[in-house]
Amino acid sequence: MARYNAKESERYWQGEWTQRGTFVTPNVSDKPKSYILEMFPYPSGRIHVGHVRNYTMGDVLARFRRAQGFNVLHPMGWDAFGLPAENAARDKGVNPREWTYANIATMRGQLQQMGLAIDWTREFATCDPEYYKHQQKLFTEFYKAGLVYRQEADVNWDPVDQTVLANEQVIDGKGWRSGAPVERRKLAQWFFKITAYADDLLQALDGLDRWPEKVRVMQKNWIGRSEGLRFTFDLSNGEKLDVFTTRPDTLFGASFVAISPDHPLASEIAKTDAKAAAFIEECHRIGTSEAAIETAEKMGYDTGIKADHPFDASWKLPVMIANFVLMGYGTGAIFGCPAHDQRDLDFARKYKLTVTPVVVPSDADPKTFDVGTEAYTGPGKLANSRFLDGLTVDAAKAEVAARLEKDGIGERTVNYRLRDWLVSRQRPWGCPIPMIHCAQCGVVSVPKDQLPVLLPEKINFDVKGNPLDADLDWKTAVCPACGEAAVRDTDTLDTFADSSWYFARFTNPASDTPVDKKAADYWLPVDQYIGGIEHAILHLLYARYFTRAMNKLGLVGVAEPFAGLFTQGMVCHETYRNAEGEWVSAEDVVKRDGKAFLRDTDLEVAIGPSEKMSKSKKNVIAPETIIADYGADTIRWFMLSDTPPERDIEWTDAGAEGCWRFVQRVWRLASETEGLPPAGPLTFIGTEPETELRQVTHRAIAAMTDDLEHLRFNRAVAQIYTLANAIGGAEKAGGAARREAIEALVLLCAPMMPHLAESCWQALGHDGLVAEAPWPKYDPALTRRDQVMLAVQVNGKRRAEFGVAKDADPKMVEKLALEQEGVIRALEGKTPKKVIVVPNRIVNIVV
RNA sequence: GCGGGCGUGGCGGAAUGGUAGACGCAACGGACUUAAAAUCCGUAGGGGUGAAAGCCUCGUGCCAGUUCAAGUCUGGCCGCCCGCACCA
């Protein structure tokens, strides 16, 4: 029998699937629907092994669901706007559009080589005008609905490159490209009003029971809901100051009021107070570097202004500017209660402010209780707090809130850590914001019939700042309202916007509205979404927000886009270094006797720990190398074997060899058809070896079906091995049982190794495609065990085991257990005190 | 600091509170072969005992606890990983 030729077989079946349109999905069907989606890739150039793992998992599910009789949507597209294309354009002088589409062509070919069951007729890239046109429509509709607004915001401004930088592009306070010190600037920026849904996004997390707990917790923390009180201080300069607190109960422990260096009041003070201005400057200088924030000491500046205590106007609190108060949270101002807040305590000790404990633990004496250097944040009774004395913390909170609300200077509020989503990007390779700025009419949206606002054909990167802003031809527009000359908004949307609704577009990518409601209502929500944990917060939160917004506008019927979420682990590989300590490319290394050598020179290299594949550590293995060596089915099988899908997997050559050997083994089992009955209905004889094989077969089907339902791919793989081992060891079993077992093996392998399965299916004499064959059913009569092995323990230690009929009478089981030789020996003549019989499991004898 | 997760052979990992180590990788022994590869069969947690089958004993990071029974449940430590982080 000829060896299995993966290269030939894979090319052949991929051609067949394409030609027959096997995976083209109709939007109308009698079958139940299943939408399987993996996070679509950025077209960076070539696919990497992480993509292979991601898309293999999704493909297994998609093929499994198809076989189970679902109408399966499994599309693919490209998250195609973004910075790498601009960098390539700047560095290599290429057109970002051409660079991107060339990458897409390469990567599409690579994905097709993997044999993915994808409906390629639905493919799109987010940089297609046909896609971003609809995104511009969405933006316009969100704007009309009040979900988009424009506001001044602090941005990181690179004065050399004349551009806004994302936080990640600021390194030690300097621009990543120019190296120039970054300035803070206020610029008018566009925002999506995600905070409008803060509470809903938070509460709905409880309903996402097919999401990892970890992701839900991360989102919950990110939204950061906290209940508290907002109230107003009267200041000695005649102004008022709002603060937010979650601890109104500690108000009589207040010893200062602090505002953020970015607070409007601070800026105002700085105008006339040079020292304050210098202090604020100093805060900004330290504030930008992340390492500095960690170790930053509390710093404060006394403005000289006093605040009246809300319950006693004669009690004056100093108003400080403090570096640890964040403008982005609450009101950007706090009152400090050092005894019960660690930061306030550190600050108070440094500036010699009073520290008055007002909450005292029940076992302490209020007169002598002292917090020392550690703030007390536990429960207790109020003290030193006038009318609050003796109350619990909760009662005191309620009392303070009630009084301040009554006085009209306070209000119970809910505060969120979540900020509105700033989406303006001063970048030329993104979706243009469809807005026009008119001197007369202000900001006007581009009318629908004038969309899309197309990017210019050529983008000139030899300018400072955003090339779109420098492109006067492109920038010049006519005001849709008054017809006078006006200018376009030259910002583009954050690319996270592109990926916030693509899953809805896939349901009908030809729709002339952003989303085809009928198609979306049929397909959404996505039944299983699969991707990396790195998107646990932003992408998933933005997509949830977009879906809610689209739902509000009547574009889709659901509010939650992803009913099931799975986050897969990364792909790792050993690292290697040469004698000079330099990284050595893993693809240049051969392993021998547990040691590593350079392929060309045979020099030994040091083996380092297994780490996430990365270019810098040179431990990347290109999927195309693996596919060229072993074929797609081998790499797919590897990605599913052994390691649970949510954990990091280590690629090893030895493991790949093992997978390749298994591919051959399955082929041998299925292609040596001598002695097998022909394809078709089977007649079984009831001999023992035949029944045994049938039992293994049916148990494998049952177990594997359950494992795939729960995405336990590694266990599903183990089931297949068990079945293959049983077939190999059962030469003498009847022909029909053997055929049944082999056919089951092929059908079970099909979602994981689809090309191999097609070849085997054909070798077994079938006409149709295994991709169109139904999932095998198991016979419960054959998965049931009539005979069970029972272990017998004496005082919890295993002493014997014996076989007995399933559901045997417990009395009889007890009697048999006590007769076992090992049991008698362990009892040493003693009489059992108690015998516990757990049916079909175990017997425990207590003496 | 806060939150979440994890800790089982040489390695990846199995195990509804019920015989710990399924399945795979690597290893070792054997068969086939002139030889190798491939393939097939077999062995395998540590220690002890036995000619052998076997039997005894220890064993899931550490220490307690609950239970007839704990890798699994509870409490406390230790270690590692991830997320957020001066969030008032």
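Letters A, B, ... are given to chains in the order of the sequence lines, protein chains preceding strands, and every chain is numbered from 1.
Counting only N and O atoms by type, the side chains of A/Gln219 and A/Arg544 include a donor and acceptor under 3.5 Å apart. With no hydrogens or angles considered, a side-chain donor-acceptor pair links A/Thr195 and A/Asp420 at under 3.5 Å. A/Thr232 and A/Asp242 are linked by a side-chain donor-acceptor pair at a separation below 3.5 angstrom, with hydrogens and angles left out of the test. In summary, the side chains of A/Tyr351 and A/Ser255 do not present any donor paired with an acceptor at a separation below 3.5 Å, with no hydrogens or angles considered. Donor-acceptor pairing under 3.5 Å is recorded for the side chains of A/Glu574 and A/Tyr576.
Within the nucleic acid shown, A/Val325 comes within 4.0 Å of at least one base atom, counting heavy atoms only. Nucleic acid contact for A/Asn714: sugar-phosphate only, since backbone atoms but no base atoms lie under 4.0 Å from a heavy atom of the residue. At the heavy-atom level, A/Ser641 lies nowhere under 4.0 Å from the strands shown.
B/rC77 and B/rC58 are spaced 24 Å apart, taking the C1' atom of each and rounding to whole Å. Distance check on atom C1': B/rA14 versus B/rU19 gives 15 Å, rounded to whole Å. Comparing B/rC73 with B/rU67, their C1' atoms are spaced 10 Å from each other, to the whole Å. B/rA70 and B/rG59: their C1' atoms are spaced 14 Å apart (whole Å). Annotation: B/rA44 and B/rC23 have their P atoms spaced 13 Å apart (nearest Å). Comparing the same atom, P, in B/rA37 and in B/rG29 gives a spacing of 13 Å after rounding to whole Å. Taking atom C1' in both B/rA20 and B/rG71, one finds a spacing of 7 Å when rounded to whole Å. For the P atom pair drawn from B/rU16 and B/rA22, the interatomic distance equals 15 Å after rounding to whole Å.
The phosphate of B/rC87 (OP1 or OP2) has a side-chain N or O of A/Arg343 nearer than 4.0 angstrom. Under 4.0 angstrom from either OP1 or OP2 of B/rA88 there lies at least one side-chain N or O belonging to A/Tyr329. Between A/Asn725 and B/rA22 there is no side-chain N or O to OP1 or OP2 distance below 4.0 Å.
A 6.0 Å sphere centred on CZ of A/Arg349 holds more than 12 heavy atoms belonging to other residues, nucleotides or ligands. Annotation: A/Glu821, atom CD; neighbour count of heavy atoms from other residues, nucleotides and ligands within 6.0 Å does not exceed 12.
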Letter per nucleotide, 5' to 3', of nucleotides 43-69 of chain B [B base touched, S only sugar-phosphate touched, - untouched; heavy atoms, 4.0 Å]: ------------SSSS---------BS

Letter by letter from the 5' end, nucleotides 1-6 of chain B scores (B base, S sugar-phosphate only, - none; protein heavy atoms under 4.0 Å) --S---

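Cation-pi geometry between A/Arg3 and A/Trp667 is not satisfied (NZ or CZ under 6.0 Å from the ring centre, within 45° of the ring normal). By the 6.0 Å and 45° rule, A/Lys298 stacks over the aromatic ring of A/Phe324.
For the pairing with A/Phe231, the side chain to side chain contact (heavy atoms under 4.5 Å, CB included) check across A/Val400, A/Thr331, A/Val243 returns one residue only, A/Val243.
The 5' end of RNA chain B is approached more closely, in terms of each residue's nearest nucleotide, by A/Thr722 than by the other of A/Phe244 and A/Thr722. Annotation: of the two residues near RNA chain B, A/Asp341 and A/Arg665, the 5′-most nearest-nucleotide partner is A/Arg665.
When distances run from any side-chain atom of A/Asp642 to the nucleotides B/rC87, B/rG12, B/rU19, the shortest one goes to B/rG12.
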Intermediate values then yes/no, ring-ring contact (aromatic ring centres under 6.0 Å, His included), A/His309 and A/Phe335: CA-CA 10 Å; A/His309 193 284; A/Phe335 79 83; 8.0 Å; no

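Within 3.5 Å, a donor on the side chain of A/Arg841 pairs with an acceptor on the base of B/rU16, or the reverse.
Nucleotide B/rG17 carries an anti base; the chi torsion (O4'-C1'-N9-C4 or O4'-C1'-N1-C2) is more than 90° from 0.
A ring-centre distance under 6.0 Å is found for A/Phe256 and A/Phe347.
A/Tyr542 and A/Phe496 have perpendicular rings, their planes meeting at more than 60° on a 0 to 90° scale where under 30° would count as parallel.
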Toss me the dot-bracket line for RNA chain B: Watson-Crick and G-U wobble, both under 3.5 Å, 5' to 3', using | for pairs to another strand and [ ] for crossers. (((((((..(((.....[....))).(((((.......))))).(((((....)))))..(((((..]....))))))))))))....

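Summarising the geometry, the separation between NZ on A/Lys220 and P on B/rC82 is reported as 23 Å, rounded to the nearest angstrom.
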